[in-house]
Novice: 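The structure is given below, and queries will be raised subsequently.
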2 protein chains.
Amino acid sequence: MSESRARSPQQSDSRMGDVAERAGVSHGTVSNFFNRPHLLSAATREKVAAAVDELAFVPNDAARTLAKGTGNTVGAVLVDIGNSFFVDIARGIESAAAEAGLKLLLANSDVDLRRQNDYLDLFDETRVRGVILAPLDGEQLGAARVRSHGRPVVFVNWPGEDEQSCGVIVDEQHGGYLAASHLINLGRTKLLYAGGPLHLHAVADRLAGVERAVAEHEGVTLEIIETHSLTTKVGRILGEQLADRHADDRPDAVICAADSLAVGCIEHLTSAGVRVPDDIAFTGYDNNHYAAESAVPVTTIAQPGREMGVIAAGLLAEEVDNPATHEHRTVVLKPQLVVRRSSAQ
Amino acid sequence: MSESRARSPQQSDSRMGDVAERAGVSHGTVSNFFNRPHLLSAATREKVAAAVDELAFVPNDAARTLAKGTGNTVGAVLVDIGNSFFVDIARGIESAAAEAGLKLLLANSDVDLRRQNDYLDLFDETRVRGVILAPLDGEQLGAARVRSHGRPVVFVNWPGEDEQSCGVIVDEQHGGYLAASHLINLGRTKLLYAGGPLHLHAVADRLAGVERAVAEHEGVTLEIIETHSLTTKVGRILGEQLADRHADDRPDAVICAADSLAVGCIEHLTSAGVRVPDDIAFTGYDNNHYAAESAVPVTTIAQPGREMGVIAAGLLAEEVDNPATHEHRTVVLKPQLVVRRSSAQ
DNA sequence: GGTGAGAATTGTAACGATTCACTGAACAAC
DNA sequence: GTTGTTCAGTGAATCGTTACAATTCTCACC
C-alpha cells in the first residue's frame, strides 16, 4: 500500500476540510453552506459550491449523525412484503419520507415476531429518528415500544387507538358495510360472508360492517362461512360447496373477505354453470391487480395503502421535527368501493 | 436546560464509557469486548457482559462507522418491488446479508432511472460498503458504477458478463429450452411462443432457447406472437385469437413468456370449449403463486429468485471482506421446470 | 528473587462532521 | 474619532466509537 491516501482501502472520499481549503474558507463555513446557507454571503456561497462540485464532495452521514446526536434516517418494518397492500404502504412511506428529507431503512419481518424484533434492535443501533411499524396481527405493542428505545413509533394497520403513539388504520367495518350495502341496494337479499380465520381483526371487522348493513334492511338474511385462509384455492373449494347446493339454497350475493377468495370461487362457479353476477353477485376485498384482471372482473373494496404510508410517514416526520408540541393521534381512513362486473346491475 | 442529561432531547442512550465505569474496566476493553473478545480474560468478559446487560447498552453505529471508516451496511436497489420475482431476490439478499453480519438498506426504484440514481447517491452518502443492483432492463451500467463511487457493486439479473463487477443471472435461454423440450417430448409438434415486447432481454432469450429446442427435433414447427406486454389481460386477448382460429390451425402447445399470460389465455380458451392440456398444452414462466392456484394449474419455469439474492449477497460479502484477492465473476443459475396440469400427459 | 515472554488492559489519537462563542470588518450614529 | 451594531466567517470543543502503541500483570524458569 504505497498510495498517498491509505485511509480507506478502496474509495477515497474528500472531507469538508478539503472543500474548505479549495474554496479558501474555513471548516465551519462549509458546514454552514450545507446547514445554514443563509448565513453566507453570495460570493462565499458560490466559492464553496464550486469547490463541492469539483471534488464531488458528499458529506459523511456517520460523522454528521454522530455530531448531531441523531441522524435523519427512519426505519420501517412491514409484516409481509409479498402482500401488495404492504407494498403499497411501503411506496407511500418511501415517497413521503423522501419528501420530508428522511432516509428510509426498509425491513420485512415476514410474519415472524423474532425477525420483527431483530429489526427493531437494529434500528436502535442505527439510532434512527423514528420507526414505522406494521405489526403482526394480534400482537402486543408494548414490546415494540420498549425495543425502539423511546424513539417515536407510528403504527400502521394495527387495530385500536393508542395513547403513546400515532397510528394509521383503515375502517374495516366501513369496508364491510360498503360491500354489503352495495349488494343490498342491487336488490340481493340472501347474503353470504366468506372469510377467515375470524380471529384476524380485518376479517372480523369486515364482518361486523356487513352485519350492520344487514341489520339496517328488512328481509335480508346473512349466512357466514369461516374459512381457514384467504387463498384462491380455498375460494375454489368454497365454489364447489356452493355449486353442490340446490339453486334455491344458494345465496344471491357473496361478500368475500379477500379478492383471492372471490376469484377462486367465481372461477369454479362459472365453470359449473352458475352465472356471475346474474345468479350470484360477488364482492372481494383489497383491490389486488388480479381482481381487475380476472375473467369476471371483481367488485372490490380498495384499501388506501399508498395513502396510509404517506400519512404514516407524515405523522412520524411531524413528531420527529416537533417532539415537544406533537400530539399523538390515530388517523382512520375510509376504504372505497370499486364496482366491476361481478356485481353489475 | 436544567436536565442532568441534556445531550439528546428524547432518548438517553448509554455510552461505552458508562459501561466501562460500571464494569470497572477501561474504555478500550469494552470496545474489545465487542470486536475482539478473544483478547479478554474470561473474568473480564463476564463483568463487561453484565454491565452491558444492566445498562441495555447498544453501540452507536454512527460512531463506529466513523471510527472504522466504513460501516457494515450494504444497499440494494431493486427495479420493482411489486414483482414477486424481485421480492424473492430481496428475501434472499436479506437473509444472506444478515448471516454475513451486514445490514441491509433496501430501496425500490420502481422502474424509474432517476429514482435508481437517487438511491445510489443516498447509499454513497451513507458510505455503504457495497451495493446490489437489479437495474432497469437495457440500461447502461457505467453510470451506476460511477455513482456508487468506487464501492463494490453486484449486478442481479443484468444480462451479460462484466469485467469490473460480479453478477448473478439466470440462464433464460435454458428456461425456454426446458419448456419447449418438455412439450416436444410430450409429442407436441406445433409450438407457439407468445410474449413481448421482444426487446426485453428475458423475452428474447427465452425465445432463443425455444428455437434451439425446436431446431433439435425433426418435424416440429414454431410460430411466434409478439405481445406488447405480459399481463393476464393480454393473455385473454391471445386466447380469443386462438379460439377464433380453425381447430386445425391452432398450435398444440403454447409457451408463454410469463405465467400471467398463460393464465389469461387458458382461462379464455377453456371457457370457449378448447381443452387444456388435451387440445393445447401450456407452459408459463416465473412460477408465480397464481400459476399454481389457477383453475388449471400451469406448468412453469421457476426462477431461483431467493437463491439469486443469497448468492448476490454472498459475492458482495466476499468482495467487501477481501477486496485485494477478490476476483469478479458472474454466476449463472439454471431455472427449473415445474410440471403441472396444463401440460400433463 | 530476578528476568523475560506473553497475556491482559489501558490511554490516547484519530474519524469527519456540527455547534457556538468569538473575532474582524464594515458602516452608521453621535 | 469614538462607540455601537450588524453581518461573515472562524476555530476549538464535541459526539461515541476504533485502533494501536504503551503499560502493567502473571508466571515459568534459572
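Because only heavy atoms are used, hydrogens play no part in the values below, and waters and symmetry mates are left out as well, while side chains stay in. The sequence lines fix the lettering, A, B, ..., with proteins before strands; numbering per chain opens at 1. Here the structure is a predicted model, which means the values were calculated and not measured.
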Novice: Starting at CE of B:M16 and ending at P of D:dT14, how long is that distance when rounded to a whole Å?
Specialist: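 The answer, rounded to whole Å, is 21 Å.
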Novice: Name each donor-acceptor pair under 3.5 Å that joins a side chain in residues 78-88 of chain A to protein atoms two or more places apart or in another chain, with its distance.
Specialist:
unit_1, atom_1, unit_2, atom_2, d
A:D80, OD1, A:G82, N, 2.9
A:N83, OD1, A:F85, N, 2.8
A:S84, OG, A:N288, OD1, 2.9

Novice: List the residues meeting side-chain contact (heavy atoms from CB on, under 4.5 Å) with A:A98, not counting sequence neighbours, and say none if there are none.
Specialist: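 A:A98 satisfies side-chain contact (heavy atoms from CB on, under 4.5 Å) with no other residue.
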Novice: Between B:D110 and B:R115, does any NZ, NE, NH1 or NH2 come within less than 4.0 Å of an OD or OE carboxylate oxygen?
Specialist: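 Yes, B:R115 and B:D110 are salt-bridged.
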Novice: Between atom CG in B:D61 and atom P in D:dC15, what is the gap in whole Å?
Specialist: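 After rounding, the gap between these two atoms is 19 Å.
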Novice: Whole angstrom is fine here: how far is it from CZ in B:R15 over to C1' in D:dT14?
Specialist: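 Interatomic distance, CZ of B:R15 to C1' of D:dT14: 12 Å.
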Novice: Where do N or O atoms of nucleotides 19-28 of chain D meet protein N or O atoms at under 3.5 Å, pair by pair?
Specialist:
unit_1, atom_1, unit_2, atom_2, d
D:dA19, OP2, B:R36, NH1, 2.9

Novice: Return the angle between end axes of the helix from C:dG1-D:dC30 to C:dC30-D:dG1, with five pairs used per end and rounding to 10°.
Specialist: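 The end axes of the helix from C:dG1-D:dC30 to C:dC30-D:dG1 are about 60° apart, to the nearest 10°.
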Novice: At 4.0 Å (heavy atoms only), tell me whether A:V25 reaches a base, stays on the sugar-phosphate, or touches nothing.
Specialist: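 Sugar-phosphate contact only.
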Novice: For B:R127 and D:dT17, what is the distance between atoms CZ and P respectively, to the nearest whole Å?
Specialist: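 So the CZ-P distance, B:R127 to D:dT17, works out to 20 Å.
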Novice: For A:T29 and D:dA8, is the shortest distance between a side-chain N/O and OP1 or OP2 below 4.0 Å?
Specialist: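 It does not, given that no N or O in the side chain of A:T29 lies less than 4.0 Å from OP1 or OP2 of D:dA8.
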Novice: Give a yes/no on whether any side-chain N or O of B:S41 is located under 4.0 angstrom from OP1 or OP2 of C:dT9.
Specialist: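 Result: yes.
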Novice: I need the CG-P distance between B:L66 and D:dC15, as an integer number of Å.
Specialist: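 To the nearest whole Å, that distance equals 14 Å.
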Novice: Measuring centre to centre across the rings, with the benzene-like ring taken for any Trp, is A:F34 within less than 6.0 Å of A:F57?
Specialist: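 Here the rings of A:F57 and A:F34 have centres that are less than 6.0 Å from each other.
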Novice: Classify the angle between the aromatic ring planes of A:H326 and A:H328 as parallel (below 30°), tilted (30 to 60°) or perpendicular (above 60°).
Specialist: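 A:H326 vs A:H328 ring planes: perpendicular.
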Novice: Hey, are B:E307 and B:R91 close enough for a salt bridge, meaning a charged N less than 4.0 Å from a carboxylate O?
Specialist: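 B:R91 and B:E307: not salt-bridged.
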Novice: Should A:S26 be listed as having a side-chain N or O under 4.0 Å from OP1 or OP2 of D:dT10?
Specialist: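 Checking D:dT10 against A:S26, a side-chain N or O does come within under 4.0 Å of OP1 or OP2.
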Novice: Please compare A:F57 and B:A42 by the position of their nearest nucleotide in DNA chain C and report the one closer to 5'.
Specialist: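 This one resolves to B:A42.
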Novice: Just the table, please: protein N/O against nucleotides 5-7 of chain C N/O, every pair under 3.5 Å.
Specialist:
none

Novice: In chain order, what residues pass the side-chain contact (heavy atoms from CB on, under 4.5 Å) check against B:V310, with sequence neighbours excluded?
Specialist: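 Testing B:V310 for side-chain contact (heavy atoms from CB on, under 4.5 Å), a comparison that skips the adjacent residues, returns B:S95, B:A96, B:R306.
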Novice: Which is more 5' along DNA chain D, the nucleotide nearest A:L40 or the one nearest B:N60? Just name the residue.
Specialist: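 Taking each residue's closest nucleotide, the earlier one in sequence belongs to A:L40.
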Novice: Expressed as a whole number of angstroms, how long is the span from A:R64:CZ to D:dG16:C1'?
Specialist: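 Rounded to whole Å, this separation is 18 Å.
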Novice: Could you state the CZ-P distance from A:R45 to D:dA8, rounded to the nearest angstrom?
Specialist: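 Value for this atom pair: 9 Å.
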Novice: Can you tell me how far CG of A:N117 sits from CG of A:D124, rounded to the nearest 0.5 angstrom?
Specialist: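 So the gap between those two atoms works out to 12.0 Å.
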Novice: Send over the distance from B:F33 CZ to D:dT17 P, rounded to a whole Å.
Specialist: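 That distance rounds to 14 Å.
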Novice: Indicate the ring-plane relationship of A:F123 and A:Y119, choosing parallel, tilted or perpendicular according to the 30° and 60° boundaries.
Specialist: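 Taking A:Y119 first and then A:F123, their aromatic rings sit tilted (interplane angle of 30° to 60°).
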Novice: So does A:D18 pair up with A:R22, basic N to acidic O under 4.0 Å?
Specialist: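 No salt bridge links A:D18 with A:R22.
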Novice: For atom CD of A:E54, is the number of surrounding heavy atoms from other residues, nucleotides or ligands below 6.0 Å larger than 12?
Specialist: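 Atom CD in A:E54 is packed in, count exceeds 12.
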Novice: Can you tell whether the side chains of B:E318 and B:R329 come within less than 4.0 Å, N to carboxylate O?
Specialist: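 Result for this pair is yes, salt bridge flagged.
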